[in-house]
2 protein chains.
Amino acid sequence: MMLVTASPATADLASQLRIGVTRLARRLRLEGDASVTPTLLVALATIERHGPMTAGELAAHEQVRKPTVTRLIGALLERGMIERTSDPLDGRVTWVQLSPEGRRFLQRVRRRKDEYLSGRLRRLTPGELDTLERASALLERLTEDDR
Amino acid sequence: MMLVTASPATADLASQLRIGVTRLARRLRLEGDASVTPTLLVALATIERHGPMTAGELAAHEQVRKPTVTRLIGALLERGMIERTSDPLDGRVTWVQLSPEGRRFLQRVRRRKDEYLSGRLRRLTPGELDTLERASALLERLTEDDR
DNA sequence: TATTGTTATACTCTATAACTATA
DNA sequence: TATAGTTATAGAGTATAACAATA
């Protein structure tokens with residue numbers, strides 16, 4: 001390993017991690033229920049975890065811009081996964097929450113999670129799974145408190 | 001942790017990992033040198049690591065379809081990062097390799113890698129960095145021998 | 001016929017800028 | 001004026017299907 005920059009260890013790791021994450025994200029985009037992409041699935045799971053939330057809150061949680069959230073909400077509405085209501089006190093505010101269909105869908109998806117990624121994870125040793133488990137938490141922390 | 005499916009540990013982990021990877025990939029797509037996106041950068045690094053390779057080999061390594069590689073190669077050519085030649089023995093085959101400019105660019109990018117991701121990695125402890133380092137290797141293995 | 005790569009087309013995800021509606 | 005969200009537009013990344021060139 002060449003050590004030439006100020007922080008070689010993290011620079012090297014950044015490169016390696018970027019490659020791994022980019023590739024896996026691309027694969028994930030192709031797998032799973034074709035009707036709901038990984039992006040929509042993550043948004044739906046956020047709405048489930050958080051409970052009823054405004055479009056702006058969803059944007060903040062997903063770390064995307066408001067127009068993107070408009071599209072996400074539209075796509076989830078089209079699929080009947082969420083319900084949208086206006087705030088009775090502030091007409092500018094839109095609330096979204098899981099629909100019963102969305103809840104069932106998430107359960108179904110989770111039951112089917114033993115697909116691409118889980119199948120691949122099963123090839124790993126318990127120690128490797130442990131590494132990935134701790135790494136997932138770190139990945140989430142890496143994207144927190146952003147912008 | 002709820003244990004209800006056939007392989008609960010991996011199913012849970014799959015979900016967690018998918019969320020982390022999807023979010024970080026989205027962030028990475030927005031960072032870095034605006035002239036070369038993470039996708040192009042990964043492709044360029046593959047060409048560097050591998051040395052001269054055919055378009056088909058690049059598709060296999062990047063795990064994308066041939067039309068996608070056509071576009072990747074076009075984008076890298078436009079930016080002067082690679083050179084393209086025809087195989088003298090088999091006219092169907094296209095070879096690509098790093099140009100001097102591409103090589104300099106990669107060096108420059110690496111020197112500048114102490115940006116978004118590296119900066120965030122520095123907030124982690126040595127133990128956490130070690131976890132991520134082992135995890136990056138695992139992420140690459142997860143997308144190997146596919147399709 | 002089979003293989004390598006390109007072209008045509010379409011979809012997803014994202015952004016910025018400009019806008020509407022409401023406060 | 002300021003804020004929440006939408007519309008318009010554009011660009012990156014990917015795919016499948018159909019094609020051209022070569023073997």
Side-chain angles (χ1 to χ4, degrees), chain A residues 18 21-44 46 53-79 82 84-96 143 146-147, chain B residues 18 21-44 46 53-79 82 84-96 143 146-147:
Chain A
R18 168 181 232 165
V21 163
T22 301
R23 287 221 177 112
L24 182 52
R26 184 197 299 136
R27 283 314 319 253
L28 288 176
R29 184 151 296 134
L30 305 180
E31 303 293 337
D33 191 311
S35 70
V36 172
T37 62
T39 300
L40 290 181
L41 194 56
V42 167
L44 195 60
T46 295
M53 64 198 301
T54 69
E57 287 172 341
L58 183 56
H61 275 80
E62 294 305 297
Q63 300 180 299
V64 294
R65 302 300 186 181
K66 285 186 288 188
T68 299
V69 156
T70 296
R71 192 194 54 74
L72 292 177
I73 288 176
L76 291 173
L77 277 173
E78 252 176 32
R79 291 160 177 78
I82 60 173
R84 174 169 56 178
T85 52
S86 281
D87 188 300
L89 300 178
D90 184 342
R92 296 170 304 177
V93 173
T94 293
W95 288 89
V96 293
T143 52
D146 234 342
R147 75 178 55 186
Chain B
R18 168 181 232 166
V21 163
T22 301
R23 287 223 177 109
L24 183 52
R26 185 198 298 137
R27 282 317 317 255
L28 288 176
R29 183 151 298 136
L30 305 179
E31 302 292 336
D33 190 313
S35 71
V36 171
T37 63
T39 300
L40 290 181
L41 194 56
V42 167
L44 195 61
T46 295
M53 63 199 301
T54 70
E57 287 172 339
L58 184 56
H61 275 80
E62 294 304 298
Q63 300 180 298
V64 295
R65 302 301 187 178
K66 284 187 288 189
T68 299
V69 156
T70 296
R71 193 192 54 73
L72 291 178
I73 289 177
L76 290 173
L77 278 173
E78 252 176 32
R79 291 161 177 78
I82 60 172
R84 174 168 57 179
T85 52
S86 281
D87 188 301
L89 301 176
D90 184 341
R92 297 170 306 179
V93 173
T94 292
W95 288 90
V96 292
T143 52
D146 234 343
R147 72 179 57 185

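Just so you know, these numbers come straight off a predicted model, no measurement behind them. For the numbers below, each heavy atom of this structure counts, side chains included, while hydrogens, waters and symmetry mates do not. The sequence lines fix the lettering, A, B, ..., with proteins before strands; numbering per chain opens at 1.
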> Between the protein and nucleotides 20-23 of chain C, are there any N/O to N/O pairs under 3.5 Å, and if so, what are the atom names and distances?
| unit_1 | atom_1 | unit_2 | atom_2 | d |
| --- | --- | --- | --- | --- |
| C/dT22 | O3' | A/G91 | N | 3.3 |
| C/dA23 | OP1 | A/L89 | O | 3.4 |
| C/dA23 | OP1 | A/G91 | N | 2.8 |

> Could you tell me how far apart B/L72 (CG) and C/dG5 (C1') are, to the nearest whole angstrom?
14 Å
> From A/L40 CG over to A/L72 CG, what is the distance, rounded to the nearest 0.5 angstrom?
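Between atom CG of A/L40 and atom CG of A/L72 there are 6.0 Å.
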> Is a side-chain donor or acceptor of A/R79 paired with a backbone partner of A/A75 at a separation under 3.5 angstrom?
yes
> Specify the separation, in whole Å, of atom CZ of B/R26 and atom P of D/dG11.
22 Å
> If you look at every strand shown and take non-hydrogen atoms under 4.0 Å, does B/T70 touch a base, only sugar-phosphate, or nothing?
base
> Can you find a pair of side-chain heavy atoms, one from A/V64 and one from B/R26, that are under 4.5 Å apart?
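In short, these two side chains touch, coming nearer than 4.5 Å.
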> Does the side chain of B/L44 reach to within under 4.5 Å of the side chain of B/V36, using non-hydrogen atoms?
no
> Could you state the CZ-P distance from B/R71 to C/dT7, rounded to the nearest angstrom?
14 Å
> Rounded to the nearest 0.5 Å, how far apart are OG1 of B/T39 and CZ of B/R29?
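If I round to the nearest 0.5 Å, the distance is 5.0 Å.
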> Whole Å only: how far is the CD1 atom of B/I73 from the P atom of C/dT6?
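Going from CD1 in B/I73 over to P in C/dT6 covers 6 Å.
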> Tell me: CG of A/L28 to P of C/dT12, nearest whole Å?
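One finds 18 Å between P of C/dT12 and CG of A/L28, rounded.
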> Just how far, in rounded Å, is P of D/dG5 from CH2 of A/W95?
9 Å
> Please determine, for the side chain of A/A55, which listed nucleotide (C/dG5, D/dG5, C/dA15) has the closest atom?
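Among the listed nucleotides, the one closest to the side chain of A/A55 is D/dG5.
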> Compare side-chain N and O positions of B/T37 against OP1 and OP2 of D/dA12 and report whether any pair is under 4.0 Å apart.
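No, outside the criterion.
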> Strictly distance-based, threshold 3.5 Å: is any side-chain N or O of A/Q63 a donor or acceptor partner for the main-chain N or O of A/T143?
yes
> Reckon B/T39 has a side-chain N or O less than 4.0 Å from the OP1 or OP2 of D/dG13?
yes
> Roughly how many Å is it from CG in A/L76 to P in C/dT12, rounded to a whole number?
12 Å
> What is the distance from CD of B/Q63 to P of D/dA15, rounded to the nearest Å?
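About 10 Å, once rounded to whole Å.
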> Looking at A/R23, does any N or O in its side chain come under 4.0 Å of the phosphate oxygens OP1/OP2 on D/dT14?
no
> Give the nucleotide from the list D/dA15, D/dT6, D/dG13 with an atom nearest to the side chain of B/R65.
D/dA15
> The criterion is side chain to side chain donor-acceptor pair (under 3.5 Å); which residues satisfy it with B/T46, sequence neighbours excluded?
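Checked B/T46 against side chain to side chain donor-acceptor pair (under 3.5 Å); matches are A/R23, B/E62.
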> Could you say whether B/R84 or A/R29 is positioned toward the 5' end of DNA chain C, judged by the nucleotide with the nearest heavy atom to each?
B/R84
> Of the options D/dT14, C/dG5, D/dA12, whose atoms approach the side-chain atoms of B/K66 most closely?
C/dG5
> If you check the A/P67 side chain, which of C/dG5, C/dT16, D/dA4 turns out closest?
C/dT16
